[in-house]
Amino acid sequence: MAGVAKRVPKRQCVICRESNDKRNLTRIVRSPEGEIAVDPTGRKNGRGTYLCDKPSCRAALVRTKGLDRAFKMAVPQEVYDRILQELDAADSGRTVTE
Ligand SMILES: [Zn+2]
C-alpha cells in the first residue's frame with residue numbers, strides 16, 4: 001500500500017470537540033484507583049480525556065462539569081479546583097520553543 005501519510009496523533013477536546021494534535025491537548029486521567037489528575041506525560045494508566053488549551057474550554061470544564069461527563073461519575077468541586085491548579089502549573093512550566 002503506497003502513499004500512507006505519516007499519522008499525527010489527534011485527540012478531541014472534551015469540551016469543544018475539536019480535533020487537535022495530541023501535543024496541543026492536556027490529558028486528564030482517572031486512575032484505576034479513581035484518582036483524577038492532570039497527566040502531562042500522557043502515559044499514566046487509566047481512563048483519559050483531553051482538554052485543549054483554550055481558556056474558554058478550561059473555564060467550561062468546571063462550569064459544565066465536563067469531567068463528570070467524561071468519567072461518568074460525580075467529581076467533587078475540590079478535584080476541579082486541583083485540576084485547574086495543575087493546568088496552570090503545567091502552563092507555567094511549559095517552555096516555548098517556536
Ligand atoms: Zn476545547
request  = Kindly determine whether Leu67 and Arg69 satisfy side chain to side chain contact (heavy atoms under 4.5 Å, CB included), including the steps that lead there.
outcome  = CA-CA 5 Å; Leu67 293 179; Arg69 288 198 308 279; over 6 Å; no
inquiry  = Quick check on the hydrophobic clustering: are Ile15 and Val79 connected, directly or via other members, by side-chain heavy-atom contacts under 4.5 Å?
reply    = yes
N/O donor-acceptor pair under 3.5 Å between Arg30 side chain and Thr49 backbone = no
For Glu35, salt bridge (charged side-chain N to carboxylate O under 4.0 Å, His left out) partners two or more places apart = none
remark   = Between Cys16 and Cys13, the two heavy atoms sitting closest are N-SG, 3.5 Å
request  = Would you please name every residue forming a side-chain contact (heavy atoms from CB on, under 4.5 Å) with Asp21, sequence neighbours left out?
outcome  = Val8, Lys10, Arg23, Asn24
Spatial distance of atom CG (Asp53) from atom CG (Leu87) [nearest 0.5 Å] = 10.5 Å
query = Would you call Glu86-Arg82 a salt bridge at under 4.0 Å N-O?
reply = yes
ask   = Out of Asn45, Ile36, Asp39, Val38, which residue meets the side chain to side chain contact (heavy atoms under 4.5 Å, CB included) rule with Val29?
value = Asp39
query = What pairs with Lys65 under side-chain contact (heavy atoms from CB on, under 4.5 Å), at least two apart in sequence or on another chain?
reply = Asp68, Gln77, Tyr80
inquiry  = I want to check something: taking the side chain as every heavy atom from C-beta on, are Thr41 and Arg43 in contact at a cut-off of under 4.5 Å?
reply    = yes
query = Ile83 versus Leu51: any side-chain heavy-atom pair under 4.5 Å?
reply = no
query = Any sub-3.5 Å donor-acceptor pair from Arg11's side-chain atoms to Cys52's backbone N or O?
reply = no
task = Compare all side-chain heavy atoms of Lys22 with those of Arg27 and state whether any distance is below 4.5 angstrom.
result = no
message = Taking the side chain as everything from C-beta on, heavy atoms only, tell me whether Gln12 gets closer than 4.5 Å to Tyr50.
response = no
query = With hydrophobic residues grouped by side-chain heavy-atom distances under 4.5 Å, do Leu25 and Val14 end up in a single group?
reply = no
